[in-house]
Every structure is written in C-alpha cells, then in structure tokens.
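Below you'll find the structure, written out as structure tokens, and then a few comments.
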There are 2 protein chains.
Amino acid sequence: MLTKSSTELVRQRNSVLVLAALRRHGALAHTEISDSTKLSSATISAITADLEKAQIIEKSEQQATTGRGRPRVLFRQRRDCGYLVVVIISSDGVQYSLVDYSGRLIDRFSEERSHDPAGAERFVASIREGLSRILARSKLPQEKVLLISISSKGLVHPTEPALVWSPIFGSKQIDFGSVLRPDWQAKIILGNETQLVAAALGAHEENTRPAEFRSLAALSLGHSVGLGIVRRTGQGEREISAPNFGHMLHMANGGLCRCGSKGCIEAYAGFYAILRMAFEVPLDTIPAKFVPVAELDKIAAQARQGHRMSAFAFRQAGVALGNGLSRMLSLTERMPIAITGPGTRYYDLLRQGVEEGLGQAHVVRMEGMPEIRVVPDEPNLVFEGHLDRALSVIDQDIVMSGIQGAD
Amino acid sequence: MLTKSSTELVRQRNSVLVLAALRRHGALAHTEISDSTKLSSATISAITADLEKAQIIEKSEQQATTGRGRPRVLFRQRRDCGYLVVVIISSDGVQYSLVDYSGRLIDRFSEERSHDPAGAERFVASIREGLSRILARSKLPQEKVLLISISSKGLVHPTEPALVWSPIFGSKQIDFGSVLRPDWQAKIILGNETQLVAAALGAHEENTRPAEFRSLAALSLGHSVGLGIVRRTGQGEREISAPNFGHMLHMANGGLCRCGSKGCIEAYAGFYAILRMAFEVPLDTIPAKFVPVAELDKIAAQARQGHRMSAFAFRQAGVALGNGLSRMLSLTERMPIAITGPGTRYYDLLRQGVEEGLGQAHVVRMEGMPEIRVVPDEPNLVFEGHLDRALSVIDQDIVMSGIQGAD
DNA sequence: CTAAATTTCTCGACTGTCGAGAAAATAATT
DNA sequence: AATTATTTTCTCGACAGTCGAGAAATTTAG
C-alpha cells in the first residue's frame, strides 16, 4: 500500500537532497548545490534559509575568493548540530568512536572483550558502560547524541537493533534496543559488519562511476565468513542487506560447524575449518573457538611450499566460497564481488578453488566469471560504512522531525 | 542518486494512488476513494476531474441508491481507455489474451508450439503472427494496445524484455523488445512465469492481511523448477524477482542437467530427473527433452505402493528442493513458501525430502521450518499475476505521460 | 412540504517550486 | 576614482498542489 504524497513531503525530500549533496562534496555554494541537486536557485535559497535557521547548516566564513564577481558563500553542516557514536564489536574487542555531524572523528578508544560465551549479560553491560564513558569524556549533553550505530559479525534482525545469532554468543539473542533505550534517547541501529563494508564500497562506486553502479557484494574472510550486498533500488537509494552466508548450507551432512549445524560454508572456509582440514582432523570434530592468525600463516606458508594437505585445505575453502557465491548469484543478478577481511592474505591460495567453485554453476557458465576484487583494509571500510549509513539516517531523521528555527 | 521532488510529482503519485484504489476495490464513490487513499475530498475532486477529462475514468451510470442523502456517483475505469495483450508461453503452446483497461478478458486463443529447439526465429515469428491475429480479431486500432505482457519459463533479463535462457532454446537469447518494437508502439514487458505466480499471491496476501505481509516465495514444480519472490519495499511497493533457482547448484559434480551443467537443482527435482532416478539411469545420462505427466504418475503410483527406488527418487527431489530453499532463506529473510505447478500432485511424496533438505540448514534450525502452502492452480495465478503487474504498469505510464483532456 | 442526512463541489489559505530579474559584491578597465 | 563587466545571491510573482470548511445538491423521512 503506497502512501499519499504532499507538498510538505516534497520539501522534506528536497531538503534531504541538499544535505546529501553537502555530505558528498563537502562545503558547497548556493550555485553548486543547485547544480548538484538540479533544484532551482530560488528553492535552494528557501531550503538553505530553513536549514540555517534550524541550526543544521551554517555559512562558512572563509570564502576562497575565486576570480571576479560576487564571492560565493559556502554552506556546511554545523558540526555541533548533533553527534554519532559508532560501536564496532570485533572478535577481540569493542571500539567506541564519537563523531560529529560533519563526520569528523572526535574521540575513540577500544576495550578488551571477554570471550566468555555465557557472559551475554556482562557483555551488554560493558557496552552500556563504554557508551557512558565516551559520553563522559566528551562532556557533551546526552541529548546531543542523535544516533548510536553498532556493528558486529553475525546475523542481525531485519528491523530491530538486535543480534539474532553471533559467533560468540550463538543463538542467545542480544537486543541492544531494549538494553540501551532506558539510558539513551538516541536512535539505535545495528548492522552486520560485512553489510557496512558493502555500504562503504557501494558509496564509493556511486561516487566514482554513478552511471554504471547497480549492485555489489562484499565477502569477508576470517574466523567467520560474512557477506554483504548493496544494490541500487528503483528510487535511486542504496539498499544494503546482510545474508546469513557463512552458515548457508554448502554440503549436506558436511563438516561440523561452530553453529552446531553440519555443512555450513564456514565449516569449510572459516579459519578453524582450514586448520582442521590441513591437520586432517575428522570433520565432525568440534571446532576450535579461536585460531591465532599466526597458526594459519604457518599453514599458508606450508601450502605455498607445496605441502599437499595444506594447499588442499585452502582449495577446499575456496570451492566452498565459490559454490556459495554461485548460489548467491543464481538468486540475485550478476554483480562484482569484493573480498575483504584478514583472509585476503591467503587469496593466492584460495583463488583457484573459488574459481572452480564458481565455475560449477550454470549462471557463471552462462554469464561468465563475476569480477572479483581484493580489498584488504576491512577495518577502515567498516568505519566508513558506519558513517555513510548513520549520517544519512541522521539527515533523514532531522528533516523528518520537522525543522524549527531556533529563537 | 536520488532525484528531486516537485509538486507535479505529488499529483502523479496521488493519481496513481486513486487508480490503484479503483483497481483494488472496483467502482468507488468520491468519499470511498478519499477513505481508501487518505487524500482529502477536495483533492479527490481535483484528481478525478482531471482523470475524467482525460477519458481515463468515467462516472458510472447505475447508482445503487443507498439510504438517504445525495446519491453517490461511482467512478470506474473506462474500459476503452486502452488494452493489454497477455502472452503466456508454456511448454506446449502459447496463449494470447486480450484484456481491456478494467481487467476484463475480451478475447483469448491458444496456439500449438513447435518443439524445435533450433526454431527460435520461427518461434518469435509465430508470436508476431499471434499478436497480429488477436489484434485483427478485435478490430481495435493498434495504438489502443498500450502494453504487451509476456511470460515464459526460464531466465529473463533484469531490465530488457529479453529471455536470457529458456528450457527450450537454451542460451539462444530471445529479445522480444527488438522483435516487436518495429510493429508495435505498445510497451513490452516480460516476466518469468513463477515470478508472476508470486506477484499474484503477493497481491492476494496484501489484500487479505495488509498489515502482516512482508514477503513470499512461489516454487513451481514441473518439467523445470522455477522460483519467484515478492517482497514489500520500504516505499510500500511490491517488488518481484525471478531467481535462476532451477539451475542453482545443488551438488557439485552432481547429475547432468538439461542446461549442460552438472548438479543443478533441476537435475534432481525436474520431472525428467525424478524419472531418471527412479529408473536408475546413470546420472550423467543426457536428460529426456520431455516427460509425459502420465509417465510420472505411474512412478508416483509405484512409490505410493512402496516401490523403493521410485519413492527414493521423489525423496531425493524433495531434498534438492529443500536444500535450495534453505539457501534461498539464508540469503533473504524468513518467508512463507507457496508450492505450485503440476508437481504439486506429488507433494505427498516430496514433502518428507523437502523438510529433510530444509532442516539441514542453520537458518531453519534457528528460525524453524518456513510455512509451506500447496497452491495447485498455477495457470490462473499466472494470468492474475500478469493482470496485477501489467495494469499497474499501465496506470503508471498513463499518469506519467501527462494527463491531457480530450477536446 | 419541510427537515434531516449524506454526498459532492467550491473557495480561500497554505506550502512548495520555478523563472526572471533585481541586488550585491568583487575585478578589470578607463 | 569612477565605471563597467561578471558572478553570485536574493526576492518577487506566477503557478501547481493539498487541505479544511462550508456551500450546494439531492435524496429520504416525517
């Protein structure tokens, strides 16, 4: 059921457009905003006047006097308009970042994380503390924090900020919304880590070649395996999703996975699975909780020196990934695949298997191999993805909430 | 990149809303449209006046005098506003239907279809003839046909009306757009058959329980295996997609499929595959082009009487379907699955395998079995799906093209 | 024949976008 | 120093659209 349109909605959408242009290009002059959004100069005047009165944007002081004519006056976001807290949960710690409305990092610290799988309550308590701490350090009033953007590996709920399944806590559901809402009036959003990598790569694609970009998948290789998909919708927005790729069935009755099921992709392509295969441990062995990267580096070195079983382990992992990707491509459309995460350092060993696994599917035989890029610096992409998503949510919310001028 | 909004766009969207209400509920009075769309009475007056002037809707003559007060005047679509041709390509023939703007069937006939796989050119020629014929029979001027909506099994191009892969013609691409555009000024759209089944079921769901409906998958079982997915987008529209499910990889290096690849789902769950398995023919045997349903009925009867290999063949087919569905669910979200097509008559034999196949995946163990419904009357659903999709496309196009009053 | 009820239509207020041109502010030129 | 060209920003009136309120229309009930 579509919902009705009104003139006020038009203003909202166009205001978001103006804010998005400012996000993409930095400080812009009146005429530049007009060019970028295709809105008329008069409309830009009206919208910027509103946004300025509401203290969301401000006129920039320094006007780089360019040639003759009346000098431009640049608009930019007011940094103090609101703040964003980014919480990145990784396997060995939690990183808290405070970011202002313009996207500038203000404060950041990390905390160790206990690996006690039973400590879900303690874990969320530590997150609450971490959030209080970053707020206290900033000396900002709490209501200035407009959004808390959390990411983790695992399966996130499609609508609520809740972790449905995670590598550490399993099916013990963690609902950040209900935990944080008593303390915080900020909106809380949760994203899968690889989903945010996809968001960042998608934003980048759309900036560099806006005409071509349709969709893209990010595949993160590490202790666990994650997939994020970003695609452009009919309305021109980017939609990101985080399938349960690591635990998609690779092979019925296959190797035992950390999740308790058999035959998941991760049970062949996760770090622990490669280790298990290389050491010829039976596939129904309960997997190691955690594998030091050094361990895997050693196996990789052996594989590169011709050790059969080590090379085979990587190859099998590649096949599992390739098969899984082929299934993803069967269900969606042809799209480039960006491989990221610590596992990229073994991509030389995985590649052949990936291509073999992809090549076994009808789609790939028909449409050809998808473009595969290796993009190693995952942590940066995760943070960029947070910013991309969170700041546009903030822009939306600010505009939706109705713009009132301050006295 | 989002595009700017304007007041004219508001009118367009709201006009579409009015036409959609008329589609859903039939002839409606001024006040009823207002209730249904939440638009104010004044706006309804303005929009209906425009649409009436443009000869798209008309005031209905018969006013069912209900109680006292000024009698209602009902609006309805003008049947002669435009026409739609529905072309349903099935394995044994092509059905042509002429439908008026209100969705009423005016004329219909079917033609036999040659099974010559080399005859792609002859086939498209026969479609051109069929279209000419249905137009000639109607004695309508050609420009009154606003849309030609074609459906087939196989893989359709995401944006163009072109068949990328089909069971009969394989990878020989058939571009209906380039073939028909010289003759017809009508817009041409192509849909996968199961995609349209999903569209019809989705429309039905949204009519019966509009609040709950999020997404739904239709699985069509027959000589080939098709999947259609319908889901509601953020804007409240329904989006339909047709993945290449039948040729998604079920098992690496598995049975030989009609498509030439190995291990496709269809190579286990297509009719020919069940036959092959039941007769213990080697799995690398080149599959039969066509299996009479009577043949499969015989095997089903044997299976029901306890014949081991026949029962096993159906079970294996079920497992392939279940595994595939579990993979689909891993990549999307939990959704009900409607099973349709001639294969539904064997669902008693398939069920156990389907559930076994589904149960092997982590998603299903975590979220539970998806709801599975058996919906046998596929042909009706396909036609309904055509109407649902095509008429709303026509409504869109009419409104977009700018509404001018007739002299 | 009048009053009540119900629906449709119309008017003025409001919000929004747009094009054109005025106003502002600087650099180049005389 | 004054003038002119140039460029940008701002403002005004026209136009498109929605909405609420109430007028007009038209039927039934009493």
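Remember, it's a predicted structure, so these values are computed and weren't measured experimentally. Numbered from 1 within each chain, the chains take letters A, B, ... in sequence-line order. Reckoned from all heavy atoms, side chains included, excluding hydrogens, waters and symmetry mates.
- The side chain of B:K4 places an N or O atom within less than 4.0 Å of a non-bridging phosphate oxygen (OP1 or OP2) of C:dC18.
- You'll find that the side chain of A:A42 is closest to C:dG19, out of D:dC10, C:dT17, C:dG19.
- The side chain of A:T7 places no N or O atom within less than 4.0 Å of a non-bridging phosphate oxygen (OP1 or OP2) of C:dT15.
- Atoms CG (B:D35) and C1' (C:dT7) sit 12 Å apart, rounded to a whole Å.
- The nucleotide whose nearest atom lies closest to any side-chain atom of A:R70 is, among C:dC9, D:dG17, D:dC10, D:dC10.
- Taking 4.0 angstrom as the limit, A:N14 places a side-chain polar atom (N or O) nearer than this to OP1 or OP2 of C:dT17.
- Donor-acceptor pairing under 3.5 Å is recorded for the side chains of B:H386 and B:S151.
- In this structure, B:L9 atom CG and C:dC18 atom C1' are separated by 15 Å, rounded to whole Å.
- The CD-P distance, from B:E8 to C:dT15, rounds to 19 Å in whole Å.
- The distance between atom CD of A:E32 and atom C1' of D:dT7, rounded to the nearest whole Å, is 13 Å.
- Using a 4.0 Å heavy-atom distance criterion, A:L39 is classed as a sugar-phosphate-only contact.
- Whole-Å rounding puts the B:D50 CG to C:dC9 P distance at 13 Å.
- Taking atom CD of residue A:Q12 and atom P of nucleotide C:dT17, one finds them 11 Å apart after rounding to whole Å.
- Residue B:A29 is classed as a sugar-phosphate contact, given heavy-atom separations below 4.0 Å to backbone atoms only.
- Distances shown here put a side-chain N or O of B:R72 below 4.0 Å from the OP1 or OP2 atom of C:dT7.
- Both tests pass for A:R23 against the ring of A:Y101: distance under 6.0 Å to the centre and angle within 45° of the axis.
- Each of A:R11 and B:S41 was assigned the nucleotide of DNA chain C with the nearest heavy atom; the assignment lying further toward the 5' end belongs to B:S41.
- Regarding contacts with the backbone of C:dT8, a side-chain N or O of B:T31 is found under 4.0 angstrom from either OP1 or OP2.
- In this structure, B:T43 reaches the D:dC19 phosphate: one of its side-chain N or O atoms is under 4.0 Å from OP1 or OP2.
- No more than 12 heavy atoms of other residues, nucleotides or ligands sit less than 6.0 Å from atom NE2 of A:H204.
- With rounding to whole Å, A:K38 atom NZ is found 17 Å from C:dT17 atom C1'.
- Remark: B:R231 does not engage B:E333 in a salt bridge, criterion side-chain N to carboxylate O under 4.0 Å.
- In this structure, NE2 of A:H30 is placed 11 Å from C1' of D:dT11, rounded to the nearest angstrom.
- Close to D:dT7, at under 4.0 Å from its OP1 or OP2, lies no side-chain N or O of A:R68.
- Comment: A:E206 engages A:R232 in a salt bridge, judged by a side-chain N to carboxylate O separation of less than 4.0 angstrom.
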